[in-house]
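As the structure is a prediction and not an experimental result, all values here were calculated from the model. Side chains included, hydrogens not; waters and symmetry mates left out as well; all remaining heavy atoms used. The sequence lines fix the lettering, A, B, ..., with proteins before strands; numbering per chain opens at 1.
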Amino acid sequence: NAGVTQTPKFRILKIGQSMTLQCTQDMNHNYMYWYRQDPGMGLKLIYYSVGAGITDKGEVPNGYNVSRSTTEDFPLRLELAAPSQTSVYFCASSYPREFGNEQFFGPGTRLTVL
Amino acid sequence: QQQVKQSPQSLIVQKGGISIINCAYENTAFDYFPWYQQFPGKGPALLIAIRPDVSEKKEGRFTISFNKSAKQFSLHIMDSQPGDSATYFCAARAPGTYKYIFGTGTRLKVLA
């Protein structure tokens, strides 16, 4: 079981460039999430998905897009990179239970936009 | 109302001491309260969690105390060890969803 995997680990983008952050989980979890982590700001939810074909916005969705064509994959797309998107991005997955629906996090992608 | 306020921002504790991290929330409908531990360069990992109908939960050296009337919950780390040095996040689950609101994190350093 690899758990939640993310690629790439690091990336430097120029302003206006686009990229896709990849996320894959092998635990057959219905729920998947994308967060960004900025120093002193905690984790902010960007988008989440409750299953293949279903996505919804989180707290900070502007500048990002997602898709969920399979249970396993949940890519995050940045269309026009801006310096404000410099952050560490975490993907997570969970199985919906009333209690104990632990979120499993990937190792993160550190993105710098210059 | 959807915020979770966490304090302190950073904490230094001697080995063997007690580390205490506090969180406060406004939305009384939040229905699950986990704590996550994050080591540098890694993703957060679930440490311990509590339901709002329970006042305390203990797992080894880690205890959550929950005060529903005060809308506060805290993490206590007993006999703190250098290996506990990490960033800790509290979180609260939005009602009727599986979305979580996270606190801003506490960076704990345990001195040997």
Fill in: Over all atoms of both residues, closest heavy-atom pair of A:Gln103 and B:Phe102
OE1-CZ, 4.2 Å
Worksheet item: Around atom NZ of B:Lys42, are there more than 12 heavy atoms of other residues, nucleotides or ligands at under 6.0 Å?
Response: no
Discussion item. With a 4.5 Å cut-off on side-chain heavy-atom distances among I, L, V, M, F, W and Y, is there a chain of contacts connecting A:Leu13 to A:Phe90?
Written reply: no
Item to complete: Considering only heavy atoms, give the residues of residues 63-80 of chain A separated from chain B by less than 4.5 Å, sorted numerically, with 'none' for an empty result.
Response: none
Discussion item. Could you check whether atom CD of B:Gln9 has more than 12 heavy atoms from other residues, nucleotides or ligands sitting under 6.0 Å from it?
Written reply: no
Worksheet item: A:Val60 and B:Tyr98: same hydrophobic cluster, using ILVMFWY side-chain contacts below 4.5 Å?
Response: no
Worksheet item: Should B:Leu47 and B:Phe33 be regarded as members of a common hydrophobic cluster, given that ILVMFWY residues are connected when their side-chain heavy atoms come within less than 4.5 Å of each other, either directly or indirectly?
Response: yes
Item to complete: Please check if atom CG in B:Leu111 has more than 12 non-hydrogen atoms from other residues, nucleotides or ligands closer than 6.0 Å.
Response: yes
Worksheet entry | Atom pair CD (A:Glu102) and OH (B:Tyr36), whose distance is rounded to the nearest 0.5 Å | 6.0 Å
Worksheet item: Any chain of hydrophobic side-chain contacts (each under 4.5 Å) joining B:Ile20 to B:Val4?
Response: no
Item to complete: Spell out the residues in residues 24-53 of chain A that have some non-hydrogen atom less than 4.5 Å away from a non-hydrogen atom of chain B, in order of number; otherwise answer 'none'.
Response: A:Tyr31, A:Tyr33, A:Tyr35, A:Gln37, A:Gly40, A:Met41, A:Gly42, A:Leu43, A:Leu45, A:Tyr48
Item to complete: Would you mind checking which part of B:Gln6 comes under 4.5 Å of any heavy atom in chain A, side chain (CB onward), backbone (N, CA, C, O), both or neither?
Response: neither
Practice prompt. Group every Ile, Leu, Val, Met, Phe, Trp and Tyr by side-chain heavy-atom contacts under 4.5 Å, then state whether A:Val88 and A:Leu21 land in the same group.
Written response: no
Worksheet item: Pick from B:Ala91, B:Gly103, B:Pro44, B:Gly105: which one has the most heavy-atom pairs with chain A under 4.5 Å?
Response: B:Pro44
Discussion item. Is B:Phe89 in contact with chain A via its backbone, its side chain, both, or neither, using a 4.5 Å heavy-atom distance?
Written reply: side chain
